[in-house]
Amino acid sequence: MKITDIRLGMLRVPLKTPFKTALRTVNQIEDVVVIIETDTGHRGYGEAPATAVITGDIHGSIIEAIRTVIKPKLLGQDIADLNHILRLIQGCIMKNYSAKAAVEIAVYDLFAQYYQAPLYKMLGGGVPRLTTDITISVDYIDKMVADSLDAVANGFETLKVKVGKDIGVDIERVKAIYNAVAGKALIRLDANQGWTAKEAVYALHKLEDAGVRLELVEQPVKYYDLEGLKYITERVHTPVMADESSFGPREVIELIKMRAADIINIKLMKTGGISNAIKIADICSFYDMQCMIGCMLESSISVAAAVHVAVAKADVITKIDLDGPSLCAVNPVSCSVSFNGPDITIGDAPGLGVTAIEGLEMLA
Ligand SMILES: C[C@H](N)C(=O)N[C@H](CCC(=O)O)C(=O)O
Ligand SMILES: [Mg+2]
């Protein structure tokens, strides 16, 4: 099975409600879709969002990196030579993690199709079911409480509550949501770099003292402030998770050596795809450190890939934030992973099992 072409498209999917974090507000998913064609007629699918504020990637850079650098290296390559292809993708250009992720996902999709197995089986197997959380966007307190109650009514038992805007209001936000859903849902916080280390310790102590039980707090401080992350980790009971501070295996090793965080958030768009996500899971497993697997604003193609990774690495990936498809007003992608509220299941189709993408606009 040889690669004959790599084609690109744009997929736009409206969100049910605006997605608001300390870093940005977004109304729709706008992702680059990668389709790898082969001489056997099999097609591999991948996807990348442009999360400029986190990865530095924009649509133009994703498209040009794939077209002008990655594609020429991959044409003619045999899908069975997976490791060789992965080295080509990772070695041909610095950074550009979202572009690399989209192409890697499509290559892994084909590799699993070649062996006629669902991707998670090619990654080591597992139980093909997961439960995801759902994000509660940062907003007015009443709106966040209403959104949280709505999520609980829709079956979600873990809420990822966005904070990081104003420390005083954030404390009130979390208390109000906790009082509304305690006993019905677990709360994890994500400050998306919005606090200083001292603010984070102050806020978490206030919440802990008020009896608010939090599962974890994600990326309280700026991505580069590893000392700040460590300062918080050493001072609060609530487990601290690194998201924007952790991209590939190197950052994870540094965080572990420093003991700067308790948990790592793996995202394919930060790792540059599946191969490094697996490496991170293995490193964390070796050091008895738990991981979350998360997503950016992605539809079911790349989130499906993350689902396969999570199932295969369930010993260490114990927390799931794969709510991209649940945030969308419609699901334009037919694939073998089904997203039904918090419940995610993988079917038996080979690879990712993508059969249709409605509304995909192919790029010339
Ligand atoms: C969508 C997911 N639940 C999430 O919250 N991801 C964010 C980044 C998403 C973005 O801004 O595109 C995160 O974990 O920080
Ligand atoms: Mg985060």
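All figures in this text were calculated on a predicted structure; none of them were measured in a lab. Just so you know, these numbers use all the heavy atoms, side chains as well, and skip hydrogens, waters and symmetry mates.
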- Message: Would Arg188 and Asp133 count as a salt bridge (Lys or Arg N to Asp or Glu O under 4.0 Å) here? Give the steps.
- Response: CA-CA 9 Å; Arg188 45 181 71 149; Asp133 65 3; 3.0 Å; yes
- Task: Carefully, step by step, assess Lys279 and Asp282 under the rule salt bridge (Lys or Arg N to Asp or Glu O under 4.0 Å).
- Result: CA-CA 5 Å; Lys279 283 185 187 128; Asp282 289 342; over 6 Å; no
- Message: Between Asp147 and Asp139, is the side chain to side chain contact (heavy atoms under 4.5 Å, CB included) condition met? List the steps.
- Response: CA-CA 10 Å; Asp147 288 349; Asp139 217 312; 5.5 Å; no
- Before giving the answer on salt bridge (Lys or Arg N to Asp or Glu O under 4.0 Å), spell out for Lys270 and Asp243 the whole-Å C-alpha distance, their side-chain angles and the decisive distance to 0.1 Å. CA-CA 9 Å; Lys270 295 186 299 168; Asp243 181 9; 2.7 Å; yes
- Might you work through the side chain to side chain donor-acceptor pair (under 3.5 Å) test for Thr55 and Asp57, ending with a clear yes or no? CA-CA 5 Å; Thr55 61; Asp57 299 320; 3.1 Å; yes
- Stepwise side chain to side chain contact (heavy atoms under 4.5 Å, CB included) check, Glu47 with Tyr45: CA-CA 7 Å; Glu47 175 186 6; Tyr45 292 88; over 6 Å; no
- Could you give me the CA-CA distance, side-chain angles and deciding distance for Lys175 and Leu207, then say whether side chain to side chain contact (heavy atoms under 4.5 Å, CB included) is met? CA-CA 7 Å; Lys175 278 187 186 166; Leu207 290 167; 3.9 Å; yes
- Could you check Lys184 against Glu157 for salt bridge (Lys or Arg N to Asp or Glu O under 4.0 Å), going step by step and ending with a plain yes or no? CA-CA 7 Å; Lys184 289 178 270 183; Glu157 291 180 351; over 6 Å; no
- Given the rule in the side chain to side chain donor-acceptor pair (under 3.5 Å) test, do Gln290 and Thr318 qualify, once you have shown the distances and angles that lead to the verdict? CA-CA 6 Å; Gln290 288 183 37; Thr318 55; 2.6 Å; yes
- Message: Using side chain to side chain contact (heavy atoms under 4.5 Å, CB included), reason through Thr238 and Glu208 one step at a time and then give a plain yes or no.
- Response: CA-CA 8 Å; Thr238 306; Glu208 286 168 0; 2.8 Å; yes
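A cation-pi arrangement is found for Arg235 relative to Tyr231, the charged atom lying closer than 6.0 Å to the ring centre and inside a 45° cone about the ring normal.
Glu234 places none of its side-chain heavy atoms less than 4.5 Å from the side chain of Arg259. Between Lys198 and Ile232, every side-chain heavy-atom pair lies at or beyond the 4.5 Å cut-off. Between Asn27 and Leu15 the shortest side-chain heavy-atom distance does not fall below 4.5 Å.
The main-chain N or O of Gly294 is found under 3.5 Å from a side-chain atom of Asn265 such that the two form a donor-acceptor pair. Without hydrogens or angle criteria, Gln116 side chain to Pro350 main chain gives no donor-acceptor distance under 3.5 Å. Here the side chain of Ser302 pairs no donor or acceptor atom with the backbone of Glu298 at under 3.5 angstrom. Asn340 places no side-chain N or O within donor-acceptor distance of the main-chain N or O of Asp343, the cut-off being under 3.5 Å. Listed for the Glu218 side chain is no donor-acceptor partner under 3.5 Å among the backbone atoms of Leu189. Formation of a donor-acceptor pair under 3.5 Å by the Thr51 side chain with backbone atoms of Ile54 is not found in this model.
Counting heavy-atom neighbours within 6.0 Å of Arg12 CZ, excluding the residue itself, gives a total above 12. The local environment of NZ in Lys121 is sparse, with at most 12 non-hydrogen atoms from other residues, nucleotides or ligands closer than 6.0 Å. Crowding of Met94 atom CE: a count of heavy atoms from other residues, nucleotides or ligands under 6.0 Å not exceeding 12. No more than 12 heavy atoms of other residues, nucleotides or ligands lie within 6.0 Å of CD in Glu358, so this atom counts as exposed by the packing criterion. Residue Lys73 places its NZ atom among 12 or fewer non-hydrogen atoms of other residues, nucleotides or ligands, all under 6.0 Å distant. In Arg129, the CZ atom is not crowded: 12 or fewer heavy atoms of neighbouring residues, nucleotides or ligands sit closer than 6.0 Å. Residue Lys257 places its NZ atom among 12 or fewer non-hydrogen atoms of other residues, nucleotides or ligands, all under 6.0 Å distant. Shown here is Asp209, whose CG atom has more than 12 heavy atoms of other residues, nucleotides or ligands within 6.0 Å.
Inspection of the Asp109 and Gln113 side chains reveals an N or O donor paired with an N or O acceptor under 3.5 Å. In summary, the side chains of Glu215 and Thr158 do not present any donor paired with an acceptor at a separation below 3.5 Å, with no hydrogens or angles considered. Checked by atom type, the side-chain pair Asn276/Thr271 shows no donor-acceptor distance below 3.5 Å. No side-chain donor-acceptor contact under 3.5 Å links Asp39 and Thr4.
Met241 pairs in a side chain to side chain contact (heavy atoms under 4.5 Å, CB included) with only one of the listed residues (Ile264, Val217, Ile263), which is Ile263. Asp190 pairs in a salt bridge (Lys or Arg N to Asp or Glu O under 4.0 Å) with only one of the listed residues (Lys319, Lys162, Lys20), which is Lys162. Exactly one residue among Lys2, His42, Arg7 makes a side-chain hydrogen bond (donor to acceptor under 3.5 Å, both in side chains) with Glu37. That residue is Arg7.
Of the inter-residue distances, the one linking Ile280 atom CD1 with Lys313 atom NZ reads 12.0 Å to the nearest 0.5 angstrom. Going from atom CD1 of Ile79 over to atom NE2 of His84 covers 11.5 Å, rounded to the nearest 0.5 Å. Atom CZ of residue Phe111 and atom CG of residue Leu123 lie 9.0 Å apart, to the nearest 0.5 angstrom. Within the model, atoms OG of Ser326 and CG of Asn154 stand 9.5 Å from one another, a figure rounded to the nearest 0.5 Å. Ile89 CD1 to Lys71 NZ: the interatomic distance, rounded to the nearest 0.5 Å, is 14.5 Å. Note that OH of Tyr178 is 7.5 Å distant from CD1 of Ile187, once rounded to the nearest 0.5 Å.
By the criterion of side-chain heavy atoms lying less than 4.5 angstrom apart, applied directly or through intervening Ile, Leu, Val, Met, Phe, Trp or Tyr residues, Ile274 is grouped together with Leu86 in one hydrophobic cluster.
For Ser245 against Leu255, the heavy-atom pair with the smallest separation is O-CD1, 4.0 Å. Listed here is the closest heavy atom pair of Thr132 and Gly341: CG2-O, 4.1 Å. Counting all heavy atoms, side chain and backbone alike, Ile293 lies closest to Ala310 at CG2-CB, 3.7 Å. In terms of heavy-atom proximity, Ala277 sits nearest to Val309 at CB-CG1, 4.4 Å. Across every non-hydrogen atom of Ser300 and Cys335, the tightest pair is O-SG, 4.1 Å. Of all heavy-atom pairs spanning Leu327 and Leu297, the tightest one is CD1-CD2, 4.0 Å.
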